Amino acid sequence: MKVLRFALICLLVTACIPFKPTTKHDLFPGVAQLPLEEAPHPKNSLEWWYFTGHLKDVTTGQTFGVEYVFFHFNPDGKQDYQMVNFALSDPQTQQFRYDYQLGKVAAPLTAALPISLSQVKADQTWTLTGQEGRYQLLARMASTGPNKAGQAINLSTTPAKPVLLHGGTGYEQYGPVAQAGYYSYPRLAATGTIEVAGQPHQVTGELWYDRQWNCGGVNKKNVAWDWLSLQIDQTREELMLYTVHDTKTSQHIGGGSHFGPLGENLHLAETDFQLEPLTYWTSPTSNKKYPATWHLTVPGKGYDLTVTPLLPNQELNLRLFKVLKLNYWEGMCRVTGTCHGQSVTGNAYVEITNR
């Protein structure tokens with residue numbers, strides 16, 4: 001998943017709201033019911049609609065990365081909150097720009113389709129509309145703040161492959177830590193325009209979309225995680241992999257999914273892959289040390305891969321409710337290596353939190 005990024009919000013909740021978050025309104029039917037799960041889940045402890053991916057200028061060939069996510073959570077079963085993160089990566093200039101907004105929702109979200117989510121910050125409104133792989137993403141960073149003016153997206157998507165139900169049912173069990181609803185569209189064909197540093201670009205590309213809900217079961221500050229999504233060019237296969245670490249006990253949980261070229265869905269156990277950091281990067285802002293380059297092998301599928309960031313600094317530094325600072329790294333990466341001895345390439349997005 002964008003695995004356990006809900007711990008980020010739970011840290012927020014436990015630090016800033018004087019009660020224990022509740023999950024009593026979360027429902028677990030055991031099998032995801034589509035398209036119903038696309039809609040907001042009323043009073044859900046935590047859920048999100050999450051897009052990441054690589055885009056290319058159709059004229060110049062320049063590449064860019066985008067992260068765009070709507071979070072919805074209701075920590076007490078009464079008040080809805082919403083948070084939006086929006087980030088753009090520019091490997092050409094090695095610039096990473098992001099914006100975010102968190103606040104109460106005036107009226108509780110209801111289970112309506114197609115989804116229609118919006119968030120206002122200063123002079124801008126960010127929106128997400130659509131369902132079942134056909135979405136419209138529209139956002140512009142607030143005009144205040146360093147490096148935020150002149151950054152925008154206006155993208156439309158259509159499914160390039162079917163939906164991927166993680167765990168085979170759309171519910172993923174993370175050992176004794178949590179269970180959450182989780183499915184993805186691992187390849188969404190995207191077209192439209194973006195604006196980077198005030199320069200417009202007509203772009204195409206492929207986004208990865210994660211939909212997850214019932215995620216409020218974890219509120220431990222000692223939980224850290226690494227999450228990777230890979231889109232392999234030559235085989236048209238996708239990989240979602242995660243490792244969850246308990247920084248107090250040194251225990252960890254791993255898992256993921258392999259999605260074949262015809263939509264074959266294979267759950268991956270922790271023993272089915274090996275994920276090893278090769279290099280590290282230390283943030284000059286937070287002083288946190290993050291894994292950078294990764295070595296990944298999936299022996300059962302013949303993969304031996306290296307995942308490399310296209311720019312080192314893709315760290316988001318969030319200040320929430322004026323009292324809490326949260327830092328995490330999420331950015332565009334390039335994949336190189338072999339599959340059954342044949343050279344392959346691909347695109348990836350990696351998230352690293354609580355390191």
Side-chain angles (χ1 to χ4, degrees), residues 1-5 7-8 50-55 62-67 69 85 87-98 100 147 196 205 207-208 210 222-233 238-247 250 252-256 268 270 273-298 303-318 325-339 343-355:
M1 68 186 202
K2 288 299 190 180
V3 68
L4 296 180
R5 59 165 58 87
L8 180 149
Y50 214 115
F51 298 83
T52 53
H54 294 230
L55 300 170
Q62 293 172 290
T63 58
F64 303 94
V66 62
E67 173 197 350
V69 53
N85 288 0
L88 286 170
S89 300
D90 181 357
Q92 289 74 215
T93 62
Q94 293 289 288
Q95 292 293 311
F96 178 68
R97 303 171 177 91
Y98 63 92
Y100 61 97
N147 298 321
V196 180
L207 304 185
W208 180 293
D210 270 352
N222 54 296
V223 173
W225 66 91
D226 311 315
W227 173 92
L228 299 87
S229 67
L230 291 79
Q231 301 162 322
I232 307 302
D233 297 327
E238 294 81 40
L239 292 161
M240 182 281 292
L241 303 167
Y242 65 85
T243 57
V244 183
H245 312 273
D246 187 318
T247 58
S250 298
H252 58 86
I253 302 166
L268 297 175
E270 185 174 10
F273 66 94
Q274 292 79 47
L275 184 62
E276 177 188 9
L278 298 179
T279 63
Y280 290 83
W281 174 80
T282 300
S283 165
T285 302
S286 67
N287 292 319
K288 290 186 176 294
K289 184 179 179 180
Y290 298 97
T293 305
W294 300 84
H295 180 222
L296 168 65
T297 58
V298 188
Y303 281 112
D304 188 322
L305 305 172
T306 300
V307 182
T308 306
L310 291 179
L311 56 158
N313 189 351
Q314 297 180 85
E315 182 190 47
L316 292 89
N317 311 110
L318 312 183
K325 293 181 180 179
L326 296 172
N327 308 289
Y328 73 98
W329 194 101
E330 180 151 16
M332 63 186 307
C333 301
R334 189 62 177 157
V335 180
T336 57
T338 60
C339 181
S343 295
V344 294
T345 56
N347 291 329
Y349 247 78
V350 175
E351 180 182 83
I352 309 164
T353 304
N354 288 3
R355 285 286 186 163

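In this text, all values refer to a predicted model and were calculated from it rather than measured experimentally. Residue numbers count from 1 along this sequence.
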Side-chain contact test, heavy atoms from C-beta onward, threshold under 4.5 Å: evaluate it for [X] versus [Y] and give yes or no.
X      : Y      : answer
Arg97  : Val196 : yes
Leu241 : Leu268 : yes
Val66  : Met332 : no
Leu316 : Phe96  : yes
Leu296 : Thr306 : no
Leu275 : Leu228 : yes
Tyr290 : Asn327 : yes
Phe273 : Leu239 : no

Please lay out, stage by stage, how Leu278 and Trp294 fare under the test side-chain contact (heavy atoms from CB on, under 4.5 Å).
CA-CA 5 Å; Leu278 298 179; Trp294 300 84; over 6 Å; no

For the side chain of [X] and the backbone of [Y], is there at least one donor-acceptor N/O pair under 3.5 Å apart?
X      : Y      : result
Arg334 : Gly346 : yes
Gln92  : Thr63  : yes
Trp329 : Pro312 : yes
Thr279 : Ala292 : no

Would you sort out whether Glu330 and Val350 count as a side-chain contact (heavy atoms from CB on, under 4.5 Å), showing the intermediate values?
CA-CA 5 Å; Glu330 180 151 16; Val350 175; over 6 Å; no

How close do [X] and [Y] get, counting heavy atoms only, and between which atoms?
X      : Y      : result
Gln314 : Pro309 : NE2-CB, 4.4 Å
Pro277 : Pro291 : CB-CB, 3.9 Å
Gln231 : Leu207 : NE2-O, 3.7 Å
Leu305 : Ile232 : CD1-CD1, 4.2 Å
Leu230 : Trp208 : O-CZ3, 3.9 Å

Where does the angle between the aromatic ring planes of His54 and Tyr349 fall among parallel (under 30°), tilted (30 to 60°) and perpendicular (over 60°)?
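Rings of His54 and Tyr349: perpendicular, as their planes differ by over 60°.
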
Name of the residue among Tyr328, Tyr242, Trp225 meeting side chain to side chain donor-acceptor pair (under 3.5 Å) with Glu351:
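With Glu351 as partner, side chain to side chain donor-acceptor pair (under 3.5 Å) holds for just one option, Trp225.
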
List the steps, then state whether side-chain contact (heavy atoms from CB on, under 4.5 Å) holds for Leu318 with Asn85.
CA-CA 10 Å; Leu318 312 183; Asn85 288 0; 4.1 Å; yes

Might you work through the side-chain contact (heavy atoms from CB on, under 4.5 Å) test for His252 and Thr243, ending with a clear yes or no?
CA-CA 7 Å; His252 58 86; Thr243 57; 5.6 Å; no

Between [atom1] of [X] and [atom2] of [Y], what distance do you get to the nearest 0.5 Å?
X      : Y      : atom1 : atom2 : result
Asp90  : Gln95  : CG    : CD    : 7.5 Å
Gln62  : Thr93  : CD    : OG1   : 9.0 Å
Lys325 : Asn317 : NZ    : CG    : 9.0 Å
Asn313 : Thr285 : CG    : OG1   : 6.0 Å
Asp233 : Ser343 : CG    : OG    : 12.0 Å

Any chance you could lay out the side-chain hydrogen bond (donor to acceptor under 3.5 Å, both in side chains) test for Thr338 and Asp304, step after step, and finish with the verdict?
CA-CA 5 Å; Thr338 60; Asp304 188 322; 5.3 Å; no

Name all residues meeting the salt bridge (charged side-chain N to carboxylate O under 4.0 Å, His left out) criterion together with Glu315; count only those two or more places apart in sequence or in a different chain, and write none if there are none.
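Here no residue qualifies.
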
